[in-house]
Amino acid sequence: MMFWYMIQASLDFPLWLRVSHYINLLFIGLLIRSGLQILGAHPRLYWHDSSDPRRAWLTLTKKKIPEGKLYTSMDDEVSVSPFLGLPGKKNLGLGRHWHFFSIIFWVLNGLVYVTLLFVTGEWSRLIPTSWSIVPAAWHTFVTYITLHIPPASEFRPYDPLQQLAYAAVVFLLGPFMLATGAAMSPAIEARFPWYLKLLGGKQSARSLHYLSLILFTVFIFVHTALVLIVHFQSNVRAIVLGSETSDLGLAFTIGVIALLVVAIIYIWSSWYTLRRRSLMQHALGAIVDPVRRFLLHKAVSKQRYGSDDISTYFWVNGRPPQEDEFKALVANDFSDWRLQIGGLVEHPLQFSLADLRAFPKHTQITKHNCIQGWSGIAEWSGVSLSELMEVCGVRPEVKYLVFTSYQRGAQSYPEATDEEKQRYFYETIDMQQARHHQTILAYEMNGIPLLLEHGAPLRLRVETLLGYKMVKYLHSIDFVEDYSHIGAGQGGFREDVQFYGRGAEV
């Protein structure tokens with residue numbers, strides 16, 4: 001053991017540092033590519049939470065919003081090339097899975113790196129100990145900008161400009177990306193509304209996250225260019241084998257192989273995910289879902305917005321049902337509509353809109369967070385789901401609620417296959433989420449009955465979840481012990497799409 005320690009201590013770049021650097025290279029690339037996939041789902045950036053496309057500061061699509069025609073956020077989604085996005089095309093759900101999977105290992109690798117940096121005393125290679133580094137870094141910058149190369153004597157092991165840049169990336173830019181990324185979680189936003197205010201709101205955090213991505217990408221390109229241009233032979237020896245006196249041929253060979261492995265993983269991750277969507281959803285979800293449940297599932301909404309915060313623009317996601325049955329309900333102003341309550345309840349019941357309005361009215365101003373990235377604040381009024389559950393007499397074995405819509409795949413998912421277009425949209429929530437005081441069945445939005453495009457006559461509101469879980473055009477609620485027998489058994493239409501039908505193996 002002492003011999004191994006002496007070998008490590010004698011190297012300019014310890015083994016743990018080189019390994020963590022390589023792991024970082026792998027996962028930062030996966031993060032950037034999956035981040036581009038997520039951005040493609042809503043390619044507009046804002047500084048305000050109403051996500052008004054007329055006020056977007058950056059629009060990354062040529063699509064125009066037509067006047068006098070229903071244009072949904074799903075229509076606004078763009079297909080991302082698999083060479084850029086992960087996995088590519090229109091695969092937001094799998095892109096999010098890859099993003100969360102990558103962030104878990106990127107963060108773990110970063111924590112190990114920073115811990116060892118201080119435990120081994122190597123922190124001084126990054127953290128400046130004197131203000132003299134500032135003028136020294138400026139001198140180095142002038143050297144680079146005038147197309148000169150600093151002498152090898154200025155590298156200890158980095159030159160002053162590199163040291164400042166690396167320290168800023170590790171201790172400022174990286175944590176800032178994590179902070180802005182966390183702000184886009186509906187659960188965190190609902191539980192800690194003050195945190196979002198520090199960043200100017202969700203959309204500001206999303207914009208800052210994107211700008212951080214640009215900075216990271218610029219850093220990677222500049223860093224790579226300097227490695228190749230400035231003292232390349234010393235760099236490749238140190239980065240691969242740890243010492244500038246190592247064998248150049250061996251270092252170069254190992255380095256090329258290592259980069260090829262990363263490139264192969266990047267190519268494979270898109271190719272295989274597009275071919276085996278369900279398999280990759282389960283493989284990634286086996287790691288992502290437990291971590292997400294542990295960190296976010298028990299978050300309790302504490303959202304409190306004022307009437308002045310209500311958005312002047314509220315995106316629509318999905319289109320109203322087109323079946324004759326539903327059109328007849330619309331024509332009669334939903335007077336014949338009934339909400340069906342069934343499953344594991346003591347009293348299966350039907351409720352008309354008038355019946356629901358007879359319950360105590362709950363009104364709340366909360367923020368809607370779409371999985372695509374846009375948000376909007378609205379006032380929602382309706383009946384508390386927990387009060388409805390008391391009337392129905394929910395049996396003790398119930399664990400989940402299944403909400404089924406009049407909407408089919410044809411209206412809720414533009415990319416649906418012919419078979420998926422015929423399935424009814426549904427989603428599930430658990431009993432903990434159902435009992436929360438801000439979980440309501442809303443029949444009004446901003447003081448008026450729900451408009452057709454926003455889910456009339458009734459829609460679910462669960463303020464710690466993403467918008468696709470809040471089923472619109474409600475037809476029925478069923479109380480079940482498990483949902484493995486419903487649809488493809490994944491807990492919702494959107495989840496099933498990645499597992500079955502469009503998500504099946506090609």
Side-chain angles (χ1 to χ4, degrees), residues 31-96 98-99 173 176-177 179-186 189 196-197 199-221 270 309-319 367-378 412-415 451 453-454 466-468 494:
L31 277 171
I32 290 174
R33 295 181 63 231
S34 56
L36 292 175
Q37 182 73 61
I38 295 171
L39 182 64
H42 191 69
R44 302 176 191 267
L45 293 171
Y46 318 90
W47 295 115
H48 50 90
D49 280 355
S50 65
S51 301
D52 187 339
R54 297 163 297 188
R55 297 171 56 196
W57 70 268
L58 182 63
T59 299
L60 299 170
T61 176
K62 295 181 179 179
K63 295 181 179 181
K64 303 294 183 182
I65 299 178
E67 295 290 339
K69 179 182 177 182
L70 179 60
Y71 182 83
T72 75
S73 60
M74 298 292 286
D75 297 327
D76 212 46
E77 184 177 6
V78 298
S79 181
V80 182
S81 168
F83 291 102
L84 292 176
L86 176 61
K89 301 183 180 180
K90 292 184 178 181
N91 284 287
L92 171 60
L94 284 165
R96 288 170 59 86
W98 269 111
H99 203 64
L173 184 57
F176 186 72
M177 288 198 74
T180 52
M184 285 180 273
S185 163
E189 180 178 33
L196 270 294
K197 291 181 180 179
L199 296 169
K202 174 178 179 174
Q203 294 305 321
S204 291
R206 184 168 175 260
S207 292
L208 292 171
H209 196 67
Y210 174 76
L211 293 174
S212 300
L213 167 67
I214 296 298
L215 288 177
F216 240 116
T217 304
V218 170
F219 168 78
I220 290 171
F221 278 108
S270 284
D309 298 316
I310 294 176
S311 302
T312 56
Y313 188 96
F314 203 99
W315 278 90
V316 174
N317 195 331
R319 298 176 181 275
K367 185 181 296 181
H368 180 92
N369 294 284
C370 180
I371 189 174
Q372 291 179 278
W374 60 268
S375 59
I377 298 173
S412 61
Y413 205 87
E415 304 299 314
L451 297 177
E453 59 265 31
H454 289 299
L466 288 164
Y468 75 90
R494 192 175 184 97

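These numbers were taken from a predicted model, which means no experiment stands behind them.
Using a 4.5 Å cut-off on side-chain heavy atoms (C-beta onward), Leu70 and Asp75 make no contact. Residues Ile65 and Trp315 form a side-chain contact, since some pair of their non-hydrogen atoms from C-beta on lies under 4.5 Å apart. Contact of the Leu94 side chain with the Lys89 side chain is not registered, since no non-hydrogen atoms from C-beta on lie closer than 4.5 Å.
Scanning all heavy atoms of the two residues, the minimum distance from Asn91 to Pro87 falls at CB-CG, 3.7 Å. Counting all heavy atoms, side chain and backbone alike, Ser270 lies closest to Leu86 at OG-CD1, 3.6 Å. The minimum heavy-atom distance between Ser207 and Trp57, with the atom names listed, is OG-NE1, 2.8 Å. The two residues Ser73 and Gln372 make their nearest non-hydrogen contact at OG-OE1, 2.6 Å. Nearest heavy-atom pair, Val78 versus Pro43, reported as atom, atom and distance to 0.1 Å: CG1-CG, 4.0 Å. The minimum heavy-atom distance between Tyr313 and Ser51, with the atom names listed, is CD2-O, 4.0 Å.
Within the 3.5 Å criterion, the main-chain N or O of Ser375 finds no donor-acceptor partner in the side chain of Lys367. Proximity of a side-chain donor or acceptor of Ser50 to a complementary backbone N or O of Gly376 within less than 3.5 Å is not detected. Using modelled atom types, no side-chain atom of Glu189 and backbone atom of Gly201 make a donor-acceptor pair closer than 3.5 Å.
Between His99 and His209, the two ring planes are perpendicular [angle over 60°; tilted spans 30° to 60°]. Using the six-membered ring where Trp is involved, His368 and Trp374 have ring planes that are parallel, under 30° apart on the 30 and 60° scheme.
Taking CG of Leu215 as the start and CZ of Phe176 as the end, the distance is 9.5 Å to the nearest 0.5 Å. Atom CG of Leu196 and atom CE of Met184 lie 10.0 Å apart (nearest 0.5 Å). The CD1 atom of Ile377 sits 11.5 Å away from atom NE2 of His48, with the distance rounded to the nearest 0.5 Å.
By the salt bridge (charged side-chain N to carboxylate O under 4.0 Å, His left out) test, Arg33 pairs with no residue at all, sequence neighbours left out.
Paired with Lys202 under the rule side-chain hydrogen bond (donor to acceptor under 3.5 Å, both in side chains), one option of Thr180, Asp49, Asn369 passes, and it is Asn369.
With no hydrogens or angles considered, a side-chain donor-acceptor pair links Tyr71 and Asp76 at under 3.5 Å.
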